[in-house]
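One-based numbering along the sequence shown.
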Amino acid sequence: MVSFADDHPSRLRRSILSVPAINVRALEKTHGLACDAVIFDLEDSVFPDKKAEARDNLRRFFTETPLVGREAVIRVNEIGSDYFAEDMAAVIECRPDAVLLPKVDGPDVVRAVADLLAEADASESLRIWAMIETPLGVLNAAQIAASGRTAGGRLDSFVVGLNDLRKATGVVPEPGRTYLVPFLMQVILAARAYGLDAIDSVSNDFRDLEVFGRECLQGRSMGFDGKMLIHPAQIEGANRHFGFSPEAVAEARMIVSAFADPATAALNVINVDGRMIERLHLDEAEKLLAKIAIIEQREGKLS
Ligand SMILES: CC(C)(COP(=O)(O)OP(=O)(O)OC[C@H]1O[C@@H](n2cnc3c(N)ncnc32)[C@H](O)[C@@H]1OP(=O)(O)O)[C@@H](O)C(=O)NCCC(=O)NCCSC(=O)C[C@H](O)C(=O)O
Ligand SMILES: [Mg+2]
C-alpha cells in the first residue's frame, strides 16, 4: 500500500488555520502564529472579482516571505470553475506543500489534478488534500481515498467541510453534531484505510472557545488528526486538544526505552508494570515522539 506516513517531513496537523488570500494583513500575521499548517484560501473566502488579486498576493507571499517550519497549503476553486486553471497556475508557481481541492465528489477529480501536476512537472513533494464536504464526497470517500494509490501517490489528507455538508444535507447545526457523526466516521475510516490524515471541520463561532474546545475533544475522540480553523484564537485550543499530555509523552518514552532493552530484542509482547505492551504500541510511541520533536524544533524557531 502507498503510504506517506513515514517520509513526510511535517505531519503534525493539530491546527490548520485558513487565511483568505485576499487579506494581506492576515497573511502577514501567519508568521507569528503557532498553528501547524496554513491554508491560503482562494475559494469561498475570496469574492469573485478579487480572485486575481488574491493569487497575486500569494505569489508575493511565497516569493518574498514564505512560511517557515509549517506546512503551507493553497485551497483552489473547484475543478470546472472559471478560476481553477489560473489557481492551479498560481499553485505551480508558489510551490506550496499541498493543494487543497474543495467539494471533491469522486476519485476522478484527484486523478485529474494529479495528472495536471505531473504534466507541469511539479515536484513530487507537492501533495493533494481533498475537502470532503458534499453528500457524494462522503458516499465516495473510500474510492477517493483509494485514488491516492493511482494519482501519483500525491493524495495525503482529507479535510471535512461541514458548512457545505450541512447546506447540502439539511442537517441542523448543533453542538454535539449528533446527525453528522456517522458522516464524519465514514470519512475517517476511508482516510485510515488508505493511510491518509483526516482533519475535522471549522467551527464558525470563533468567540465561543468553550464550545470549540468540546468540539475539538469530540474530534480527537473520533480519530481526527487535527482541526481546520478560521481564527487565531482557536489555535491554542486545537494544539492542546489534538496534542499530547505529559503523561502520554512519558509513557511513549517508557515504551521506546523498554523495547530498546536488548532483552526484548526477540519479543513482540512485554510486561510493563503489569500491562501488556506490543510492538504496535512501539510504532504509536515512536510516531508520537516524532511529533513532539517537531513541536520542540518549531518552538525553538518561532520564539
Ligand atoms: C472570521 C473573520 C472574518 C474575522 O476577522 P476579524 O473581524 O478581523 O476578526 P478579529 O478582529 O477578531 O481579528 C483579530 C486579529 O486576528 C487577525 N485574523 C483574523 N482571522 C485571521 C486568520 N484567519 N488568519 C490570520 N489572522 C487572522 C485579524 O487580522 C486581526 O488582526 P489585527 O488587525 O492585527 O488585530 C476572519 O477570522 C477570517 O477571515 N477567517 C478565515 C475565513 C476563511 O478562511 N474562510 C474559509 C475557510 S472556512 C471553510 O473552509 C468552510 C468549509 O469549506 C466548509 O464548507 O465548512
Ligand atoms: Mg466548503
- Task: Before giving the answer on side chain to side chain contact (heavy atoms under 4.5 Å, CB included), spell out for N163 and V202 the whole-Å C-alpha distance, their side-chain angles and the decisive distance to 0.1 Å.
- Result: CA-CA 8 Å; N163 284 297; V202 297; 3.4 Å; yes
- Message: With side chain to side chain contact (heavy atoms under 4.5 Å, CB included) as the criterion, how do Y194 and R149 come out once you've worked through the C-alpha distance, each side chain's angles and the decisive distance to 0.1 Å?
- Response: CA-CA 8 Å; Y194 295 96; R149 291 179 175 191; 3.7 Å; yes
- Message: Return the CH2 to CE distance between W129 and M228, rounded to the nearest 0.5 Å.
- Response: 9.5 Å
- Flag side-chain contact, heavy atom, 4.5 Å: F244 against L289: no
- Carboxylate-amine/guanidinium contact E71 R11, below 4.0 Å: no
- Item | Shortest non-hydrogen contact from I199 toward S157 | CG1-OG, 3.8 Å
- Task: Would you indicate whether the side-chain heavy atoms of R14 and H241 approach each other to under 4.5 Å?
- Result: no
- Message: Please find the pair of heavy atoms, one from L27 and one from T30, that lie closest to each other, and give the distance.
- Response: O-OG1, 2.6 Å
- Query: Thinking salt bridges, do R192 and D225 make one under a 4.0 Å N-O criterion?
  - Reply: yes
- Query: Is it true that E284 and K287 make a salt bridge, defined as a side-chain N closer than 4.0 Å to a carboxylate O?
  - Reply: no
- Query: In terms of heavy-atom contacts, does CZ of R279 have more than 12 from other residues, nucleotides or ligands at under 6.0 Å?
  - Reply: yes
- Task: Walk me through it: do V99 and L101 pass the test side chain to side chain contact (heavy atoms under 4.5 Å, CB included)?
- Result: CA-CA 6 Å; V99 54; L101 309 175; 4.1 Å; yes
- Note on the structure: Rounded to the nearest 0.5 angstrom, the CZ-CG distance for F40 and N23 is 12.0 Å
- Task: State which residues pass side chain to side chain donor-acceptor pair (under 3.5 Å) with E236; sequence neighbours excluded, sorted by chain then number.
- Result: R240
- Message: Quick one, R111 with D108, criterion salt bridge (charged side-chain N to carboxylate O under 4.0 Å, His left out). Give me CA distance, side-chain angles, the key distance, then yes/no.
- Response: CA-CA 5 Å; R111 286 195 207 104; D108 291 356; 3.2 Å; yes
- Message: Show the nearest heavy-atom pair for residues S147 and P107, with the distance to one decimal.
- Response: CB-CB, 3.6 Å
- Task: Please round to the nearest 0.5 Å and tell me the distance separating atom CG of L117 and atom CZ of R154.
- Result: 4.5 Å
- Item | Derivation and outcome, side-chain hydrogen bond (donor to acceptor under 3.5 Å, both in side chains), residues D105 and N140 | CA-CA 7 Å; D105 275 342; N140 294 331; over 6 Å; no
- Item | Residues R298, D36: salt bridge by 4.0 Å N-O rule | yes
- Just wondering, do P96 and V73 contact through their side chains at under 4.5 Å, heavy atoms? no
- Item | Residues forming a side-chain contact (heavy atoms from CB on, under 4.5 Å) with D261, sequence neighbours excluded | A263, T264
- Could you pull out the closest heavy-atom pair between Q186 and A141, with the gap in Å? O-CB, 4.5 Å
- Look at D200 together with R177 and state whether they make a salt bridge at an N to O cut-off of under 4.0 Å. yes
- Query: Which pair of non-hydrogen atoms, one from V171 and one from F183, has the smallest distance, and what is that distance?
  - Reply: CG2-CE1, 4.2 Å
- Task: Apply side chain to side chain contact (heavy atoms under 4.5 Å, CB included) to the pair K227 and S15, showing each step before the final yes or no.
- Result: CA-CA 5 Å; K227 197 161 175 66; S15 50; over 6 Å; no
- Task: Flag yes if more than 12 heavy atoms outside E210 fall under 6.0 Å of its CD atom; otherwise flag no.
- Result: no
- Item | Basic-acidic side-chain contact under 4.0 Å: D41, R75 | yes
- Ring centroid separation for F61 and H31, is it under 6.0 angstrom? yes
- When rounded to the nearest 0.5 Å, the distance separating CD1 of I277 from CD1 of I255 is 4.5 Å
- Message: I'd like to know if D56 and R59 make a salt bridge, using a cut-off of under 4.0 Å between side-chain N and carboxylate O.
- Response: yes
- Task: State plainly whether the residues R127 and D97 are in salt-bridge range, i.e. N to O under 4.0 Å.
- Result: no
- Message: Could you report the tightest heavy-atom contact between E43 and K51, atom names first, then the distance?
- Response: O-NZ, 2.8 Å
- Item | Under-4.0 Å salt bridge between R275 and E251 | yes
- Between the CD atom in E286 and the CG atom in D283, the distance rounded to the nearest 0.5 Å is 6.5 Å
